[in-house]
Amino acid sequence: MSEQNQNPLVLVPESTAKLMKSISGNIQGSVDDLIYCHLYGVVGDWYLSEISEDREKAFGFQIINSEPVWEMDNWLTNSSKWGEIPIKVLQELVNEKFLKEKDIRFLITRDLFWEPIKFSAINIDQNTLFYPGTTDRSLS
């Protein structure tokens, strides 16, 4: 099944995971890393370059930028950095908080038209999904 015909709320389907490198012991993140998958929501963006064998965590660049009024601190911490990305936790938030409870703060989806690209070619200063209202994207 082509990526465009898959459910975008399945964050890392097997077809995407098979393309990704396995998480290695020495991961740091670099502008030369190939990004295989892009996840996004009103709280931020996740750019995945590597994945664990059990598919529960990935490595990549994440930009989390939730407004204080959204009260997201119990689930996600604002950041703009390379690091481990808890895919299993993100999928549980989508399944429980968005799909069951209809809480828009937890809408996280996969970019179905994403093609692997070097991180250096991505404009991380531009919001992927806009939330009604203002958002400060300048994380320091």
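Quick caveat: nothing in here was measured; it's all calculated off a predicted structure.
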Nearest 0.5 Å, please: how far is [atom2] in [Y] from [atom1] in [X]?
{"X": "K57", "Y": "I51", "atom1": "NZ", "atom2": "CD1", "answer": "11.0 Å"}
{"X": "F61", "Y": "H38", "atom1": "CZ", "atom2": "NE2", "answer": "11.5 Å"}
{"X": "L34", "Y": "K21", "atom1": "CG", "atom2": "NZ", "answer": "8.0 Å"}
{"X": "E14", "Y": "L19", "atom1": "CD", "atom2": "CG", "answer": "10.0 Å"}
{"X": "N7", "Y": "T109", "atom1": "CG", "atom2": "OG1", "answer": "7.5 Å"}

Validation row: [X], [Y] side chains within 4.5 angstrom (heavy atoms):
{"X": "W46", "Y": "I108", "value": "yes"}
{"X": "L107", "Y": "L9", "value": "yes"}
{"X": "L48", "Y": "I87", "value": "yes"}

Shortest non-hydrogen separation from [X] to [Y] and the atoms involved:
{"X": "I35", "Y": "W82", "result": "CD1-CH2, 4.3 Å"}
{"X": "L39", "Y": "C37", "result": "CD2-SG, 3.9 Å"}
{"X": "I63", "Y": "S80", "result": "CG1-OG, 4.1 Å"}
{"X": "S49", "Y": "M20", "result": "C-CE, 3.9 Å"}
{"X": "E50", "Y": "S24", "result": "OE1-N, 3.2 Å"}

| task | Kindly determine whether Q6 and T16 satisfy side chain to side chain donor-acceptor pair (under 3.5 Å), including the steps that lead there. | result | CA-CA 11 Å; Q6 293 182 3; T16 300; 5.1 Å; no
| Can you tell me if Q62 uses its side chain to pair, donor with acceptor, with the backbone of S79 under 3.5 Å? |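 Judged by distance alone, no pair lies under 3.5 Å.
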| field | Under 3.5 Å donor-acceptor, R55 side chain and K88 backbone | value |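 No.
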| task | Please step through side chain to side chain contact (heavy atoms under 4.5 Å, CB included) for the pair L76 and L90, ending with a clear verdict. | result | CA-CA 9 Å; L76 300 167; L90 292 178; 4.0 Å; yes
| message | So, using side chain to side chain contact (heavy atoms under 4.5 Å, CB included) as the criterion, who are the partners of P86 when residues are at least two apart? | response |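 If we apply the side chain to side chain contact (heavy atoms under 4.5 Å, CB included) test to P86, skipping adjacent residues, the hits are V89.
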| query | Which class fits the ring pair F119 and Y47: parallel under 30°, tilted 30 to 60°, perpendicular over 60°? | reply |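 Perpendicular: the ring planes of F119 and Y47 meet at over 60°.
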| Taking it one step at a time, do Y40 and W114 satisfy side chain to side chain contact (heavy atoms under 4.5 Å, CB included)? | CA-CA 12 Å; Y40 61 95; W114 188 262; over 6 Å; no
Which atom pairs, one a donor and one an acceptor, fall under 3.5 Å between side chains of residues 93-104 and the rest of the protein, sequence neighbours left out?
from	atom 1	to	atom 2	distance (Å)
N95	OD1	Q91	NE2	3.1
N95	ND2	Q91	O	3.4
E96	OE2	K100	NZ	3.3
K102	NZ	L99	O	2.7
D103	OD1	R105	N	3.1
D103	OD1	R105	NE	3.0
D103	OD2	R105	NE	3.2
D103	OD2	R105	NH2	2.6

